[in-house]
Amino acid sequence: MTVDTATELFEEHRPVLTGVAYRMLGRIADAEDVVQEAWLRWSAATREDVREPRAFLVRITTRLAIDRLRHLQSRRESYTGPWLPEPVVTEFGPAAPDTAERAVLADSVSLAVLVVLESLSPLERAVFVLREAFGFPYAEIANALDRTEDAVRQLAGRARRHVEERKPRYDVNPAERRDLTERFLAAASGGGIEQLLALLAPDVRLVSDSGGKAKAPRRIIETADKVGRFLFAVAGDLGPDGEIRIMELNGAPAAVYFVGGKVDTVFQIEVGQGVIQCAYIIRNPDKLSGLPVA
């Protein structure tokens with residue numbers, strides 16, 4: 001295999017490798033570091049012995065991601081305030097040609113699911129990502145993780161039950177989310193507090209991630225009255241020089257607030273029964289620098 005061929009093969013599989021690494025780690029920078037390390041190992045490998053490049057590359061990437069995740073989990077224990085994944089623009093393109101597959105990809109990269117995945121062990125998370133998000137066969141996952149197929153099936157079942165028990169039980173409906181996001185923005189910016197409260201579930205939760213580097217609540221806020229009044233006050237503090245745009249992030253619409261051409265805040269909601277069940281605010285500048293500028 002020539003160097004050019006090896007490079008072409010790696011680039012062909014880079015989207016899948018990055019997708020696996022991001023779902024494992026929750027940050028694009030960490031995912032890109034893992035994929036770069038996978039490239040270094042691929043370029044140094046005796047590639048003539050590799051019969052299935054995709055499986056080989058996924059195995060390397062997954063094992064590197066597991067090692068990095070174990071390191072990151074200890075650091076996140078001292079994180080200031082709630083931790084949320086880094087938001088990413090999602091354009092699945094030809095990788096997911098049918099609606100069902102797009103829905104699976106969108107769900108697997110959603111903020112809600114990625115938060116739940118944080119509570120899995122690194123091995124459970126790897127099995128869940130490879131099986132549920134990308135549909136890898138159990139035998140291929142077993143080979144990637146150097147485990148028996150029976151062990152992988154047990155890990156997969158345990159991880160699936162854990163995620164199903166803890167992730168929000170709402171239908172992923174981008175059109176409804178976008179509509180409610182736009183109605184929320186209209187109510188917050190030009191309506192009254194009662195109009196805003198009407199859009200919130202009684203037990204709505206607000207989760208904010210600033211990493212201690214921007215102004216945001218360091219604890220989860222609960223109930224419609226508390227969440228509504230906080231969001232109404234925040235909307236009133238938005239400067240006249242800012243701009244709000246709706247973008248698709250992590251498989252769903254999000255309100256992105258730009259100041260001076262740079263992303264200042266990402267706001268995204270989970271919807272159920274026609275109202276907002278959960279709201280996420282990301283203000284940590286380290287997690288927003290990768291988004292497009294205005």
Query raised in the report: Does anything in residues 135-144 pair up under salt bridge (Lys or Arg N to Asp or Glu O under 4.0 Å), and if so which pairs, sequence neighbours excluded?
Result: R54-E140
Report task. Taking salt bridge (Lys or Arg N to Asp or Glu O under 4.0 Å) as the test, write out the residues that go with K213, two or more places apart. Result -> D286
Query raised in the report: Of all residues at least two apart in sequence or in a different chain, which pass the side chain to side chain contact (heavy atoms under 4.5 Å, CB included) check with R75?
Result: H71, L72
Determine all donor-acceptor pairs shorter than 3.5 Å in which one atom belongs to a side chain in residues 29-38; sequence neighbours excluded.
| from | atom 1 | to | atom 2 | distance (Å) |
| --- | --- | --- | --- | --- |
| D30 | OD1 | R68 | NH1 | 3.2 |
| D33 | OD2 | R68 | NH1 | 3.3 |
| E37 | OE2 | R41 | NE | 3.2 |

Query raised in the report: Among all residues two or more places apart in sequence or in another chain, which pass the salt bridge (Lys or Arg N to Asp or Glu O under 4.0 Å) test with E164?
Result: K167
For residues 114-125, please give each side-chain donor-acceptor pair under 3.5 Å, one per line with the distance, not counting sequence neighbours.
| from | atom 1 | to | atom 2 | distance (Å) |
| --- | --- | --- | --- | --- |
| E118 | OE1 | R76 | NH1 | 2.8 |
| E118 | OE2 | R76 | NH1 | 2.6 |
| E118 | OE2 | R125 | NH1 | 2.6 |
| S119 | OG | V116 | O | 2.6 |
| S119 | OG | H162 | NE2 | 2.6 |
| S121 | OG | E124 | N | 3.1 |
| S121 | OG | E124 | OE1 | 3.4 |
| E124 | OE1 | S121 | N | 3.1 |
| E124 | OE2 | R158 | NE | 2.7 |
| R125 | NE | R23 | O | 3.0 |
| R125 | NE | M24 | O | 3.0 |
| R125 | NH1 | M24 | O | 3.4 |
| R125 | NH2 | R23 | O | 2.9 |
| R125 | NH2 | M24 | O | 3.3 |

Report task. Name all pairs fulfilling the side-chain hydrogen bond (donor to acceptor under 3.5 Å, both in side chains) condition that reach into residues 276-285, sequence neighbours left out, sorted by first residue then second. Result -> Y79-N284, D264-R283, T265-R283
Query - Residue pairs fulfilling salt bridge (Lys or Arg N to Asp or Glu O under 4.0 Å) with at least one residue in residues 185-205, sequence neighbours excluded - result: R205-E222
Report summary line: For V275, the other hydrophobic cluster members (4.5 Å side-chain criterion, sorted by chain and number) are none
Query raised in the report: Does R59 have any salt bridge (Lys or Arg N to Asp or Glu O under 4.0 Å) partners at least two apart in sequence or in another chain, and if so, which?
Result: none
Report summary line: Quick note, ring-ring contact (aromatic ring centres under 6.0 Å, His included) partners involving residues 179-223, not counting sequence neighbours, are F184-F267
Query raised in the report: What residue pairs, at least two apart or across chains, pass ring-ring contact (aromatic ring centres under 6.0 Å, His included) with a residue in residues 200-226?
Result: none
